[in-house]
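What follows is a single structure, written as structure tokens, with notes after it.
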Protein chains: 2
Amino acid sequence: MARATLESVARHAAVSRQTVSNALNAPHLVHPDTLTRVRAAISELNYRPHHAARTLRTRRSQLVGARIEPWRDGVNGAVLDRFLQSLTARAQARGQRILLFTAEDDEQECAHYEDLLSGLDLDAFVLHGTHADDRRTAWLAQRRVPFVTFGRPWGSTGTHGWVDVDGAEGTRAATRHLVAAGHRRIAFLGWPEGSEVGDDRRSGWADLALAAGLEVRPGYDAGVADGLGTGRAAAAAMLDLEVPPTAIVCASDSLALGAWTELTARGLRPGADVAVVGFDDSTTAAVVGLSSVAQPLDDAAAACLRMLHDVLETDRPRGGRADGTDGPPEGGRPGPPDPVLLSPQLVVRASG
Amino acid sequence: MARATLESVARHAAVSRQTVSNALNAPHLVHPDTLTRVRAAISELNYRPHHAARTLRTRRSQLVGARIEPWRDGVNGAVLDRFLQSLTARAQARGQRILLFTAEDDEQECAHYEDLLSGLDLDAFVLHGTHADDRRTAWLAQRRVPFVTFGRPWGSTGTHGWVDVDGAEGTRAATRHLVAAGHRRIAFLGWPEGSEVGDDRRSGWADLALAAGLEVRPGYDAGVADGLGTGRAAAAAMLDLEVPPTAIVCASDSLALGAWTELTARGLRPGADVAVVGFDDSTTAAVVGLSSVAQPLDDAAAACLRMLHDVLETDRPRGGRADGTDGPPEGGRPGPPDPVLLSPQLVVRASG
DNA sequence: TTGAAAGCGCTAACAA
DNA sequence: TTGTTAGCGCTTTCAA
């Protein structure tokens, strides 16, 4: 069966093409009786608007670009996947679609923006993994491309909308939980200072250690590259201290699982002998019974798309005629939307 | 800066629009000197073809649909993510893009096909998770929508192109490895009979057990729902047998990790005391040192896109005029492309 | 409230 | 080898 066009629907309902278009996009302009007739014709012919034609006319594709990561870290890569899954479901519910791309680094990612924007006219992007002096956000902002980031604009003033999860609150909650369980010697096993996410997570532990007057001895604050091996070695060093900690809060599940492995290898039971809490609530954590701080990824995805919606509404049709004769938007440029900072949730399992 | 159009490039290079179009899509038709001039203009104006306009004209969007799964099983969901990651990278290299969608079940997935095809004019789909009497493949085939599946058309005759990984070969390799290590009592911990993938994986173990004359006692072949708890319970039952197996080949990493957990809880060392081999090479397997059968997902993604390319070449422009006046393709319908069956690879770690 | 005309940016078909 | 014409399916603008 040939595909139904707007024209064929119009003929079928004995109205003009424009009336069909209005019935679809501005039903309040159409007389109720006409509307009924048109809708009947639409469903009878199983008509759907042609996406490319509509995009060509309106300069809106309903497509949102998102980067899918090469599989870096074994344990934590899953965070992004869960975010993407939620993003797809949420976008779909709004009539938008997620288009994937990959890039090796930020520079390559910018090159892809260029391609995707001018070639494929995406409406917007959802970025993740922001960091200080992020050239991607600068690139997009300069060209006035609508976007939001999952991750705050560390350091910089942040002239764009963003959604993030409060890492410090996560480690604070973990530490608080351990204190409540009677621990006084609680160590932190994180990444070297200088990484924004890592420093944020460390600060939650440090805050609470200070507030609760915990016994923080030298060697109770480790900073190593993320990974199982490094985590295990760092944990071993802590356990070998003259007065070892009775609990370890970690910046990632990788590090926590490293610590977990070291404990097990020494015949110590995670939780009963030494408590360990991870971060990201990876599937591995669930498997081995590791307590972990869970990020509300579905909420984050929903917040990103809500914010994107606002940005797109505000920043209406860039484009217009190709000669760029449309004037500047009335009333100057509005500021970026209010950022959203979500609270993570501690998932308590056997290890803590 | 206003976006460059084909028109503006044509003016800049002092040729017609059509010549610019040819320079882009059929350079062999253009005089070398003209080509040089046009290309200079293109790069000077930083011109990119407008995707929607091209799609409208050619009825090809270069967009391929793929489903992203709701996070079902904690451990094995990652297989799909790795496949999607490869698919995205491979598609990108071919000038195609992956568009995501989600669906709760096959029926809903078909409804999405309808939406995506008529509304968004996707070129094709890559399905996964095929099973006997799959209504999705029937739906697509009936409408002559180009697609390939990652997963063979279990049971049915299979009139479409597919790429799959030989699960039986994987468990055969695992069993062979254990035999070589001196094991004689090797059990299989899989899913209940009736699931195609599960039966396939079981058959590899059964084949080799027969060929090698292994000691297969009652209770050495378990079939339980996938999961850690079920795997652990089934493993416990095996270990409680009067003559327990010395090695367990599993249909999934979930089951294997369940077995692994049970061994550890009993103070047994996976590998040294009882060997365990999983399937899918999840990140968790790597973390805990579980031997596992790895699927060549990147190769599978590449094969899917190669095959899709052939299908799209063969099945040229559906569509034409909207009144459907183009005749049937010459020479009748060609058959489906040759299927591709890839070999998995056993990754040996401490557990086996 | 509805209809007619124009045109988004591109390429297929044909003419020169 | 290049140019001209037409039109993909839709929405915007303006007139009725």
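The basis for the numbers below is simple: all heavy atoms, side chains too, and nothing from hydrogens, waters or symmetry mates. Convention: sequence-line order gives letters A, B, ...; per-chain numbering from 1.
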Interatomic distance, His50(A) NE2 vs dG9(C) P [rounded to whole Å]
16 Å
Which residue pairs pass the salt bridge (Lys or Arg N to Asp or Glu O under 4.0 Å) test when at least one of the two sits in residues 8-37 of chain B, sequence neighbours left out?
Glu7(B)-Arg11(B), Glu7(B)-Arg17(B)
For nucleotides 14-16 of chain C, print each protein N/O atom paired with a nucleotide N/O atom at under 3.5 Å, atom names and distance only.
none

Run the salt-bridge test on Arg48(B) and Asp115(A) with the 4.0 Å N-O cut-off and return the result as yes or no.
yes
In numerical order, the residues of residues 30-44 of chain B whose heavy atoms come under 4.0 Å of DNA chain D are Val30(B), His31(B), Thr34(B)
Which residues pass the side chain to side chain contact (heavy atoms under 4.5 Å, CB included) test with Pro339(B), not counting sequence neighbours?
Trp162(B)
The bend of the helix from dT1(C)-dA16(D) to dA16(C)-dT1(D), taken between the axes of its five terminal pairs at each end and rounded to 10°, is 40°
Whether Ser8(A) side chain and Ala4(A) backbone form a donor-acceptor pair below 3.5 Å
no
Would His50(B) and Arg59(A) count as a side-chain hydrogen bond (donor to acceptor under 3.5 Å, both in side chains) here? Give the steps.
CA-CA 10 Å; His50(B) 188 117; Arg59(A) 332 242 74 188; 3.1 Å; yes
With sequence neighbours excluded, what pairs up with Arg152(A) under the side chain to side chain donor-acceptor pair (under 3.5 Å) test?
Asp164(A), Asp200(A)
Does a side chain donor of either Asp123(B) or Gln96(B) reach within less than 3.5 Å of an acceptor in the other side chain?
no
Measure the distance from CZ on Arg60(B) to P on dA12(C) and round it to the nearest whole Å.
12 Å
Whole Å only: how far is the CZ atom of Arg59(A) from the C1' atom of dG9(D)?
15 Å
Please answer whether the main-chain N or O of Trp139(A) pairs with a side-chain N or O of Arg143(A) as donor and acceptor at a distance below 3.5 Å.
yes
Mark yes or no for whether Gln92(B), through its side chain, and Thr102(A), through its backbone, hold a donor-acceptor pair below 3.5 Å.
yes
Distance-only, no hydrogens or angles: does the His160(A) side chain make a donor-acceptor pair with backbone N or O of Pro336(A) under 3.5 Å?
no
Quickly work out the Leu29(A) CG to dT13(D) C1' distance and round it to whole Å.
14 Å
For His128(A), give me all partners under side chain to side chain contact (heavy atoms under 4.5 Å, CB included), at least two apart in sequence or on another chain.
Arg67(A), Glu69(A), Leu80(A), Phe150(A)
Just to verify, what does Ser16(A) make a side chain to side chain contact (heavy atoms under 4.5 Å, CB included) with, not counting sequence neighbours?
Gln18(A), Thr19(A)
Interatomic distance where CG belongs to Leu6(B) and P belongs to dC8(C) [whole Å]
13 Å
Give a yes or no on whether the backbone of Phe83(B) and the side-chain of Ser86(B) come within a donor-acceptor separation of less than 3.5 Å.
no
From the list dG9(C), dT11(C), dC10(D), which nucleotide is the closest neighbour of the side chain of Arg54(B)?
dT11(C)
Expressed as a whole number of angstroms, how long is the span from Arg57(A):CZ to dA5(C):C1'?
11 Å
So which of residues 9-19 of chain A are in contact with DNA chain C, with a heavy-atom cut-off of under 4.0 Å?
Val15(A), Ser16(A), Arg17(A), Gln18(A), Thr19(A)
Residues of residues 20-27 of chain A with a heavy atom under 4.0 Å from any atom of DNA chain D, listed by number, are Ser21(A), Asn25(A)
Going by side chain to side chain donor-acceptor pair (under 3.5 Å), name the residues that satisfy it together with Tyr113(B), two or more places apart in sequence or in a different chain.
Glu109(B)
What class does the angle between the rings of Phe101(A) and Phe125(A) fall in, given that below 30° is parallel, 30 to 60° is tilted and above 60° is perpendicular?
perpendicular
Please state how far atom CG in Leu56(B) lies from atom P in dT11(D), giving the value in whole angstrom units.
12 Å
Residues at least two apart in sequence or cross-chain that pass side chain to side chain contact (heavy atoms under 4.5 Å, CB included) with Pro337(B), listed by chain then number, are Met307(B), Val311(B)
